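Note sheet for the following structure.
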Amino acid sequence: MRIKQISSVVAAILILSACSSDPAQSTVDSTGGSTGDTEAVAHLGWSFENVQALNISGVSPEAIFDNGTVYLYSTDMGIKLYKSTDGLSFAQVASAKMPMAADPTIIKNSDGKWNMYVTEVLMNGPKPEPGAAPQPMDPKKTQKIVKVSTSDSLENFGPGVETGIVQAKPGAAWGVPDTFIDPSGKVRMLWVDMNEGDRWESIKSGTSTDGINFAVDEGTRFTDAYVDPYVLKAEANDWVSLLSTTPAKERLPQKLYLAWSTDGVNWQVDSEPLFNDPQKNYLDPTAYEISPGVWRVYVSTSATANAIGGPYSLETFILKAPAK
């Protein structure tokens, strides 16, 4: 998790600088041993391979596969959209219309329409004088909210409406939601928050029957500085999630973990990180399923010392579940 920009109009509100990376192989050490161009390391039978950098900058990616096309959204001075037919070579969709927001997460409704959930900043502070240039706002003093926009097209989302998920009070550690359909058909949401009196971030959840109005679930899903949740799988007695870790300086680099659950409420986090590179932060996972038990995952990365502020660039790899 990190603090992000909303759009060019309100870019001074949240912090993010992003740049492109060269499309080259990346090395990852997930075991504390030697690295290589490709790593395949088992974590309760799960493995990854073919780590590659993309020529795309930003944070909080969201990947959707629909009718042979991969739609990849990235928060980079607003939400930008890229399209691909192979999941590797992307072209930006300059004509795409997106909300002035950050952290997109998308689900498909039963009627075929799409819901995009985003994080916005509540503009409840002093208003600038007419004609005055936007001034940087202290992220620790901003209060944020999750909104949802519904559309027939993955390339055109308008302003959203409130979901009921809102930050209780100003603070930097909040947002990066993930939405998905649970085994009962309800819409679930996970997001990063900070419990009163805690030192590290937590992950909370909410439930909705209509995809618009959410009620906060009781309790906390993850504690001890796990952030940036992405649920790969939510089936009866079989839930799988990817997580990152806090960008706090004393716990860098940000690592990528797998977690499992039988009910979506109580989770077991892998004892060892899936990705652990001393030189690089891994954060904001998203994915789409290529075939049963195989996903293409996208993550945002930055140099270890640049966990807050970037620049950030996207990478991708293949994640495989254990053979049944």
Side-chain angles (χ1 to χ4, degrees), residues 25-54 61-72 84-89 105-108 178-185 188 190 203 221-222 226 228-245 254-277 280 282-301 314-324:
Q25 289 281 338
S26 173
T27 60
V28 178
D29 180 3
S30 62
T31 62
S34 60
T35 62
D37 286 344
T38 300
E39 289 282 345
V41 182
H43 294 264
L44 294 186
W46 288 73
S47 63
F48 71 88
E49 60 188 28
N50 299 334
V51 184
Q52 299 181 56
L54 300 175
E62 172 74 346
I64 298 292
F65 181 79
D66 184 59
N67 290 326
T69 298
V70 181
Y71 296 78
L72 184 62
S84 172
T85 56
D86 64 3
L88 292 172
S89 300
T105 171
I106 298 173
I107 63 166
K108 190 173 187 177
D178 177 45
T179 50
F180 56 95
I181 309 298
D182 75 7
S184 72
R188 297 285 299 275
L190 297 173
I203 294 175
R221 306 288 74 82
F222 297 90
Y226 291 106
D228 304 346
Y230 183 81
V231 175
L232 289 163
K233 188 178 190 182
E235 299 176 358
N237 301 313
D238 188 8
W239 299 56
V240 184
S241 179
L242 284 168
L243 305 163
S244 184
T245 52
Q254 290 181 263
K255 305 170 185 67
L256 202 63
Y257 279 85
L258 281 163
W260 300 273
S261 176
T262 58
D263 58 9
V265 176
N266 303 291
W267 289 84
Q268 173 193 354
V269 180
D270 196 353
S271 60
E272 296 292 336
L274 187 70
F275 280 20
N276 182 13
D277 185 339
K280 187 181 293 185
Y282 284 88
L283 53 144
D284 291 347
T286 184
Y288 68 91
E289 195 168 20
I290 298 173
S291 60
V294 181
W295 290 263
R296 177 166 292 283
V297 180
Y298 300 90
V299 292
S300 184
T301 68
L314 303 188
E315 294 187 4
T316 183
F317 62 91
I318 300 297
L319 181 67
K320 296 181 177 181
K324 292 185 177 180

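Given the structure is predicted, the values throughout are model-derived calculations rather than measurements.
- Using modelled atom types, one side-chain atom of T245 and one backbone atom of K255 make a donor-acceptor pair closer than 3.5 Å.
- With sequence neighbours left out, K320 forms a side-chain hydrogen bond (donor to acceptor under 3.5 Å, both in side chains) with E49.
- In this structure, F275 and F317 have tilted ring planes: the angle between them lies in the 30° to 60° band.
- Between T316 and the options V297, L72, L88, a side-chain contact (heavy atoms from CB on, under 4.5 Å) holds for only L88.
- Taking the side-chain hydrogen bond (donor to acceptor under 3.5 Å, both in side chains) definition, one finds that D86 meets it with S84, sequence neighbours left out.
- Atom-to-atom distance recorded for Y257:OH and D270:CG is 8.0 Å, nearest 0.5 angstrom.
- Neither side chain, N67 nor T69, offers a donor N or O lying under 3.5 Å from an acceptor on the other.
- Among residues two or more places apart in sequence or in another chain, the side-chain hydrogen bond (donor to acceptor under 3.5 Å, both in side chains) test is passed with S89 by none.
- Without hydrogens or angle criteria, E289 side chain to G293 main chain gives a donor-acceptor distance under 3.5 Å.
- No donor-acceptor distance shorter than 3.5 angstrom exists from the side chain of Y298 to the backbone of Y288, with no hydrogens or angles considered.
- When side chains are defined from C-beta on, L44 does not count as touching P322, because their heavy atoms never get closer than 4.5 Å.
- With Y226 contributing its side chain and I203 its backbone, the two residues share no donor-acceptor pair below 3.5 Å.
- In this structure, W267 and F222 have tilted ring planes: the angle between them lies in the 30° to 60° band.
- Remark: side-chain polar atoms of R221 are paired, donor with acceptor, to backbone N or O of V265 under 3.5 angstrom.
- In this structure, D178 CG and S241 OG are separated by 7.0 Å, a value rounded to the nearest 0.5 Å.
- In this structure a side-chain-to-backbone donor-acceptor pair under 3.5 Å is missing from Q254 to Y282.
- Between the CG atom of L274 and the NE2 atom of H43 there is a distance of 5.0 Å, given to the nearest 0.5 Å.
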